Every structure is written in C-alpha cells, then in structure tokens.
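Following: one structure in structure tokens, then a few remarks.
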Amino acid sequence: MPVERYNPRAAEPKWREAWDSAKLFETKNNDPRPKYYVLEMFPYPSGRIHMGHVRNYTLGDVLARYRKAKGFNVLHPMGWDAFGMPAENAAMQNKVHPKDWTYQNIATMRTQLKSMGLSLDWSREFATCDVDYYHRQQMLFIDFQAKGLVGRKVSKVNWDPVDQTVLANEQVIDGRGWRSGAEVEQRELAQWVFKITDYAQDLLESLDGLDQWPEKVRTMQANWIGKSEGLSFSFGLVGAPDGFDTLPVFTTRPDTMYGPTFAAIAADHPLAKKLAENNPDIAAFNEQCRRIGTSAAEIETAEKLGFDTGIKVTHPADPSWTLPLFIANFVLMDYGTGAIIGCPAHDQRDLDFARKYDLPVIDVFLPLDSDERVGNTAFVPLKTQPVRYVQWVGEPCTQTAYEAMSRSLEIFEKDGWGTRETQFRLRDWGISRQRYWGCPIPMIHCESCGIVAVPKADLPVKLPDDVDFETPGNPLDRHPTWKHVKCPSCGGEARRETDTMDTFVDSSWYFTRFTAPWENEPTDRKAANEWMPVDQYIGGIEHAILHLLYSRFFTRAMRDTGHVDLAEPFKGLFTQGMVVHETYKGPSGWVTPAEIKISDVDGKRTATLLSDGSPIEIGSIEKMSKSKKNVVDPDDIIDSYGADTARLFMISDSPPERDVIWTEAGADASHRFVQRIWRLIAEAADGLKAPQGTAASDQTVAKIAHRTLKHVGEDIEKLAFNKAVARIYELVNALHAPLTEAALTGTASPTLRQAVDFLIAMIAPMMPHLAEECWAEVGGTEMVAARAWPDFDPSFLVDNEVTLPIQINGKKRGDLTIARDADQSAVEAAVLALDFVQAALEGRQPKKIIVVPQRIVNVVG
RNA sequence: GUGGGCGUGGCGGAAUUGGUAGACGCAAGGGACUUAAAAUCCCUCGAUCUUUGAUCGUACGGGUUCGAUUCCCGUCGCCCACACCA
C-alpha cells in the first residue's frame with residue numbers, strides 16, 4: 001500500500017505544539033524521581049544560530065530525551081550569554097541600542113532553536129543582561145567582597161587614545177586600535193579582581209576527582225594553574241640604587257645553587273625601571289624588551305638579549321661570591337619575583353645566554369658514565385635519573401635531582417637564608433571592563449570613606465538606558481547623572497564605579513541560577529544543592545580553560561558565601577568537535593555552497609558556478625566561517641529537510657568529540673533514512689495496528705530488536721551516538737523484509753509490532769518528530785516523548801548455538817557452529833573432526849588447541 | 001621546545017580493550033522497475049595473483065604472544081594545547 005512521503009514541514013510544527021501544550025519539558029523542583037541535569041553551553045546572541053549550535057544542542061537533546069525516557073527528572077534549560085562587546089559594536093556601527101539589538105537577536109535565535117524540536121524547559125529561560133539576573137550577580141559580588149574574595153590591582157591595559165577606551169587583546173591589531181587605527185598605549189589602571197589564586201591549590205587538587213572530564217581538559221587546567229615548588233631567597237646587591245638592598249628570587253632548582261654564573265631581572269622589574277631613570281641605554285633596552293611579546297611567532301624567534309647593569313649580586317650562602325646582574329628579555333615580571341638565577345650548565349636558555357655574553361659555566365652534576373663538561377647543549381636529565389653531583393651544598397655524591405633538591409632545601413632552610421615556597425602561574429582574575437554593556441560593579445567611591453559597597457537594599461545598580469555611542473569613551477563614565485550618588489556610609493557626594501564585569505562572570509554561575517531562576521536570592525539553596533552538579537555539560541573545547549576554571553572558582557566562592565554546598569559544578573564534561581565544510585573558490589573569491597553545483601564522474605568531483613557555469617576550485621575542508629563563505633544556514637536545512645534530518649546528520653558517522661564534515665550527500669542520506677523509516681512503518685501500519693499470530697515465528701526479528709535496544713541504550717549513555725545510529729540502521733535493514741511482507745499481507749506478528757515499538761523508542765531521542773508521527777500511525781495515543789524507554793528481554797540476547805571462527809596457526813580457516821554450552825573437550829573434538837582441520841594437520845596431532853569460550857578456537861599444529 | 005592525542009578501504013568511521021579487520025553510512029560501478037526521470041529495490045565494492053582458491057594488508061621497522069589495529073621498543077608523518085614559567 002503506497003503512502004505519502006513524510007512531510008516534516010507539516011509534521012514537525014504539529015508535534016512541537018503538542019509537546020508545548022502538554023508542558024512536557026517543564027521540570028518541577030519537587031519531583032521525587034532521580035535527577036539528571038543536562039546542560040549545553042548557552043549561546044551568545046550574535047544574531048542567528050549556526051551549525052555548531054545545531055550540533056551542540058542536538059547532542060544534549062538526545063541525552064536529555066533519553067534520560068527522561070529512562071525515568072529521570074531531567075533539567076534541560078536554556079538561556080543567553082547576552083552581555084558583551086558585539087552589542088556595543090553594533091550600537092556604534094548601526095545606531096541600535098545594545099539592549100534592543102540583543103533582545104531582537106534573542107527573539108530570532110529562540111525561534112530558530114525552537115524549530116529544532118529541543119526538549120528544553122523554556123520556562124526557566126533568562127538572559128544574563130536581564131536586570132533580574134545581574135541584580136543577583138551584584139548580590140554575589142557584594143557577598144564575595146565581604147568575604148575578602150574581591151581585590152583591587154593595578155594592571156596594564158591597552159588604551160586607545162582616539163576612542164578613549166580600553167581595548168581587549170583581540171581588538172589590538174598590529175599594535176593599533178581596530179576601529180581608530182591609533183597606536184595603542186599601555187596604561188595602568190586600578191582594576192577589580194576576584195581572588196582566584198586563593199583557591200589555586202584546591203582547584204588543582206580537585207582536578208583528580210573530575211573523572212568524567214576529558215583528560216586533555218584536566219591537563220590543560222593543571223598547566224594553566226602551573227604549580228611549582230622551590231626555594232625562595234634574596235640576593236644581596238652591590239652598587240644598586242638606594243632602596244634596593246636585596247633582590248628576591250624564586251628557583252625551582254635549589255640543587256643548582258652552586259652553579260649560577262649570573263642573575264637577571266625583567267625589563268619591568270622595579271629595579272630595572274629605577275635604573276632606566278638615569279641611564280638612557282637601559283631605558284632604551286627596557287623599551288625594546290617591551291615591544292617584543294605581542295605575537296607568539298615573534299616570541300619564538302626572539303633572540304635572548306641581556307643588558308649588563310654593572311650591579312653585582314652576592315650569593316646568599318657566601319657573600320664573597322658575586323655574580324653580574326643583567327636585565328634580560330626572557331625574564332617575565334608576571335611570574336615568580338621577576339628575577340632569576342642563571343645556571344647555564346643545566347638550563348638551555350641560561351646556557352644560550354651565557355655563551356652569548358661570555359659568562360662562565362659551572363657543572364653542578366655530571367652523567368654517571370662520563371666526565372664530559374657541558375658544551376653548547378645544557379645537561380638536563382630527568383629528575384628521576386641519578387647523576388653525580390660535584391658542585392652542590394653537600395659532599396660530591398650520586399643522587400637524583402629530586403633527592404638533591406629536597407636535601408638542598410632542607411639545608412638552606414636550616415642555614416636560614418632560604419625558604420621552601422610554592423608558586424602558581426595562575427593570577428587573580430581581573431574582571432573590570434571599561435564598557436557599557438555588562439553587569440555594573442556595585443561599588444561606590446567616596447572621597448572621605450574610600451570604596452564602599454552598594455547596600456543590598458539599593459540593588460540593582462541598573463544600567464541607564466539613555467546612553468549614546470556617538471562620542472568616544474565609556475558611556476557610563478560620561479553619562480550626565482548616572483555615576484553621581486550619595487555615599488551610603490557618610491551621605492556625602494560620591495561616585496559610582498563605572499566599570500562593568502567581565503562577561504565570564506555572567507557565565508560562571510548561570511547553571512546554578514537555572515535551578516531556581518525565579519528566586520529573589522541568587523540561589524534557592526535547597527534547589528541548587530539538589531540539582532547540582534550538572535550531570536553532563538556539553539560544549540566546545542575552546543572553553544577548556546577559562547570558562548570552566550572560572551566556573552569552578554565561582555562555585556567555591558558561592559559555597560564560601562553560603563549560596564550552595566558544593567565545589568565542583570560539572571560532574572561530566574563533554575567537548576564536542578566543530579562542524580566543518582568544504583570551501584569553494586572562484587575567480588572573484590570564495591563562494592557559498594548554495595551558489596555552486598558539484599558533479600561527480602567516476603569519483604572525480606568538479607564544481608561549477610550555478611549562475612554562469614564557470615569552473616570553481618574545490619578547496620580544503622575548514623571550520624564554517626563567514627569569511628570563507630563555507631557556511632550552511634540551519635534555517636535552510638530545516639526548511640528543506642526538516643529538523644530531524646539535521647539532527648540525525650549531526651550524530652551519524654562522526655564521533656561527537658571529533659569534527660563533522662557537513663556535506664549535501666550526507667544530508668540527503670540522512671533524509672533518505674528519515675523517509676525510509678516512515679515508509680516502512682506507514683506501509684505496514686494496518687497490520688501493525690492489530691498484530692496477529694504467534695511470537696515464536698519471528699525469532700530473528702525478536703533477537704535483533706532486543707539486542708539493538710540494549711546496545712543503543714548503552715551507546716547513548718556513553719555519548720557514542722554514531723554507534724547508536726549504526727545499530728539502528730542495522731535494525732531497520734533487518735526489519736525491511738518483514739515490514740514489506742506485512743505491508744503486502746496487511747498482517748503483522750506481535751513480535752514485529754514490538755520491534756517497531758522499540759525502533760520508535762530508539763529514534764525518539766534523535767528524531768523526535770518522526771517518532772511521534774510513526775507512533776501515531778501505528779495507533780499510539782499518548783506521545784512518544786512522554787513514554788518510557790522499553791526494557792529488553794535478556795533471554796533474546798543469548799543464542800543456543802554459537803559460531804566460532806576456527807584458526808589454524810593463527811589464521812582463520814573456517815567456522816564451527818556448536819551448542820553454546822559445549823564444554824572444552826566437546827569443542828576440541830568437533831574442531832578436530834572438521835574437514836579443513838584434518839586437511840591442514842595431514843594426520844599429525846596438533847601441538848595445542850586454544851579454546852576461548854564463545855569466542856574463538858586456534859589449532860596450533 | 002614541552003605536554004597530549006592520532007595514523008584502519010576512494011571517504012566518514014566500526015572492531016565487545018589481546019580473539020573472524022573493514023560493522024554502519026557516503027561515494028562509485030552494474031542491474032531491476034519505468035515510455036522516461038525521480039523515488040525504490042537487488043548485486044559488486046582493501047590490494048595482488050595462476051580468481052570455486054591463495055597470498056598480502058590497520059603509517060614504517062622490530063619485539064612479546066597460540067593469536068597484535070589493540071601491548072612494548074624504535075622511525076616517520078599529522079593534529080591539538082601550552083610556550084622564554086626561573
């Protein structure tokens with residue numbers, strides 16, 4: 001019986017309305033079922049969704065729908081990371097208010113996301129630019145401040161003198177402002193910081209417990225935190241300006257304290273700056289050092305340069321031992337104390353420097369088997385490898401670097417001139433942004449009282465709407481009235497802080513807010529504690545360090561200010577790959593996939609321009625980007641194929657953690673599969689509605705149905721969606737013949753009906769609209785999205801007979817089908833009786849027969 | 001440079017963690033149906049050879065093992081991250 005093609009354009013909106021009106025995906029906080037919190041990283045409302053969003057939200061939705069079917073109370077919310085610079089850029093370029101621009105984009109993107117059929121609880125939706133949200137963020141800030149987690153720090157910013165504004169690093173192009181083209185200046189500004197370094201040790205140690213995070217991300221965070229243990233001490237200074245009596249230094253290699261031949265400081269070191277005041281050469285050298293370091297490539301190739309200050313430092317263990325003090329371009333002010341001790345024999349960088357400036361090289365330790373001194377390659381063995389120490393604090397001996405480091409530390413501490421210290425690379429989180437479109441920092445500057453927090457009763461500090469972006473500078477700062485305020489402490493004239501918060505602050509707790517977005521306090525503690533941590537967080541690898549580290553810090557800070565009772569916000573983390581696409585280049589530049597036609601003759605693909613047939617070069621496969629024009633618009637795909645096809649494509653073939661290549665052929669294939677499922681089920685629907693006959697006749701169907709159900713469930717739980725899809729293909733292939741038969745005869749067995757029920761349940765998380773349509777077609781009444789995941793019957797998973805591959809000397813020569821419970825000797829006897837075994841053995845006795853039960857047999861002859 | 005990962009057909013990728021290599025899909029070729037097309041269905045599809053079979057084959061070279069895509073050593077190549085971190 002022929003049926004009409006499945007029409008997603010009609011079916012999909014119908015089912016979305018049905019889910020909506022049943023409020024199927026609205027989650028209650030007091031639901032007694034076990035909880036499961038699925039969260040995809042929320043989007044920035046840039047204007048339209050892109051294929052990367054489609055992939056991200058499909059992955060999360062498959063999991064959310066599956067968990068819901070498995071009986072969990074699933075929280076799957078959505079919101080908007082809505083503050084940030086693009087809104088201000090749009091305001092300047094198109095004269096749109098950032099607020100209007102942002103909320104319009106949100107409206108567009110919400111509609112687009114809804115067309116994907118996601119099982120989201122839209123009742124919890126918020127944007128970080130909603131006053132209700134940033135109001136609570138200001139409450140958190142004030143609590144953090146009271147707890148001592150907020151500080152002030154003077155740090156350098158990129159200042160655009162024409163636009164009168166601070167620039168982010170990415171807005172500085174070749175040393176010039178991206179808009180004005182003016183040469184960027186370095187200015188020092190007092191900035192607000194969160195004291196993330198207070199938690200450095202905990203943030204590092206706790207990474208061990210995050211066993212459902214990718215190892216790669218944990219490593220990246222550990223490196224970012226960058227813990228090192230070593231010796232802290234001070235050099236004495238000879239010939240230094242007044243006020244510089246000693247020079248504090250940190251070294252991770254106390255075992256090499258008897259091998260240094262120079263000391264060096266950063267160009268930004270206070271001593272270097274002091275020296276520059278009276279010495280133009282030093283001033284020029286420092287300036288030169290500062291200019292290097294804008295791009296990674298320059299740093300890589302930069303030659304190690306030093307400037308001999310003429311000052312001598314004295315060794316702490318022996319004041320008569322002096323070393324020259326250099327200013328060096330490879331010493332960083334930000335790390336340690338901005339001063340190093342140079343031990344050329346055992347550090348390649350120090351050695352290069354010593355050779356360049358003709359400094360001596362003292363070997364601290366030598367290899368066990370050679371007396372060869374260091375030449376132009378530093379001797380840097382593993383710290384676990386024993387070496388002969390010849391120049392160190394103790395008697396010459398053989399030991400590992402670890403042993404020597406620990407013994408040296410002990411002795412130096414006892415001698416009283418050095419202390420054991422732990423250094424972190426991690427720095428405090430600067431959150432001040434001199435911009436309008438962000439959460440205002442709720443602080444007040446008063447001439448007489450200093451810095452005072454806005455009382456909670458006076459919150460929120462709202463952004464003023466009447467701002468203009470015509471003139472340069474921060475609109476909050478030049479607003480006629482906004483910043484003028486009475487001091488909450490003395491009542492005198494005071495002024496508001498005009499900095500707003502880094503948008504990473506907004507995204508550091510939105511996942512907690514989702515647990516009770518209606519609450520007056522930042523959190524409903526009970527709800528937050530019940531829902532958190534997020535069971536599965538899904539997003540791009542680009543957030544591996546900052547967003548995730550800040551969120552981990554923020555959750556701890558919220559714990560320590562009484563808003564939640566946990567430290568780690570994300571139990572499981574999954575980093576998905578990108579959506580990539582071929583690029584196409586014509587005589588006048590890149591062209592979009594929609595503008596070309598691809599033909600394939602015997603595997604040779606050529607492309608021509610649709611408009612005039614001119615040849616187009618097929619380029620490399622790259623991340624979808626507007627500049628390369630290799631983008632595919634999700635709206636176009638959903639319009640022409642439907643959301644289910646787009647969703648299926650996103651999870652087929654490529655493992656979710658890898659990049660997926662979007663191709664027309666692949667989209668067609670996914671669409672064919674959607675149609676195929678529909679056709680097979682719809683054509684057999686009459687029989688399937690009223691199954692007849694006995695179940696026993698369909699053993700093969702029952703077996704594959706139950707087996708597939710088991711495996712697909714397991715695969716989804718592992719987020720191995722590509723494998724789950726392959727399993728479903730196999731099942732559909734197997735059901736093809738019985739369903740075609742059922743369509744012809746108009747009858748179906750209960751087993752076939754059950755297999756179809758399983759199939760519908762399994763496609764439901766992936767292709768939810770199609771599943772509903774099929775389910776209704778076979779007479780289902782309630783919605784599939786509200787139904788439970790079926791249970792497989794384990795008895796169908798075991799066969800009474802197994803087919804074992806038979807190897808002779810490790811090479812497969814045939815099969816043996818035998819009773820599943822046949823014992824070893826029975827298997828051996830049966831194997832030896834096989835023709836090809838007999839032939840191979842030529843009458844000899846086998847040396848050995850290896851029988852791996854239910855797996856394989858290997859005859860060694 | 002340091003750290004991590006990876007290398008399987010024309011392509012995306014499977015392979016129950018040592019047990020039949022290439023599931024499933026794409027592309028390609030052949031066929032059926034059709035006046036024709038679309039759609040659908042069937043067949044072939046790692047390489048080589050003396051082609052009802054055999055040999056080789058998971059980047060390359062060794063090793064362990066009855067048996068290696070999987071474990072070990074070495075070489076080559078690719079990708080990612082961090083990067084003058086004292």
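A note on names: the letters A, B, ... follow the listed sequences, proteins ahead of strands, and every chain is numbered from 1. It should be emphasised that the depicted structure is a prediction, and the values quoted were computed from it without experimental measurement.
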Given the [atom1] atoms of [N] and [M], what is the spacing between them in whole Å?
N      : M      : atom1 : result
U65(B) : A14(B) : C1'   : 25 Å
A59(B) : G7(B)  : P     : 7 Å
A81(B) : U44(B) : C1'   : 45 Å

Self-check item: Donor-acceptor contact below 3.5 Å, side chain N722(A) vs main chain S652(A)
Solution: no

Practice problem: Return yes if some donor-acceptor pair links the side-chain N/O of E582(A) with the main-chain N/O of N630(A) below 3.5 Å, else return no. | Solution: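 A pair under 3.5 Å: no.
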
Quiz item: Under a 3.5 Å cutoff on both atom distances, Watson-Crick or G-U, what's the dot-bracket for RNA chain B ([ ] crossing, | other strand)?
Solution: (((((((..(((......[....))).(((((.......))))).((((...))))..(((((..]....))))))))))))....

Quiz item: Which is true for S654(A) with a 4.0 Å heavy-atom rule: it touches a base, it touches only sugar-phosphate, or it touches nothing?
Solution: sugar-phosphate

Practice problem: With heavy atoms under 4.0 Å as the rule, sort R813(A) into base, sugar-phosphate or nothing. | Solution: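 Sugar-phosphate contact only - R813(A) comes under 4.0 Å of backbone atoms but never of a base.
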
Quiz prompt | Polar side-chain contact R672(A)-U40(B) base: donor and acceptor under 3.5 Å | solution = no

Quiz item: Under the rule syn = chi within 90° of 0, otherwise anti, which is U51(B)?
Solution: syn

Quiz prompt | Nearest-Å distance for atom pair CZ/C1', residues R349(A) and U2(B) | solution =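 Those two atoms, CZ and C1', are 13 Å apart.
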
Self-check item: Counterpart residues, side-chain contact (heavy atoms from CB on, under 4.5 Å), relative to M220(A) (two or more places apart)
Solution: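 Applying side-chain contact (heavy atoms from CB on, under 4.5 Å) to M220(A) gives K216(A), A544(A), I545(A).
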
Exercise. Please work out whether the ring planes of F233(A) and W417(A) are parallel, tilted or perpendicular, with thresholds of 30° and 60°.
Key: perpendicular

Quiz item: Would you say the ring centroid of F649(A) lies under 6.0 angstrom from that of H671(A)?
Solution: no

Quiz item: OP1 or OP2 of U16(B) sitting under 4.0 Å from any side-chain N/O of K710(A)?
Solution: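 Answer is no, no contact under 4.0 Å.
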
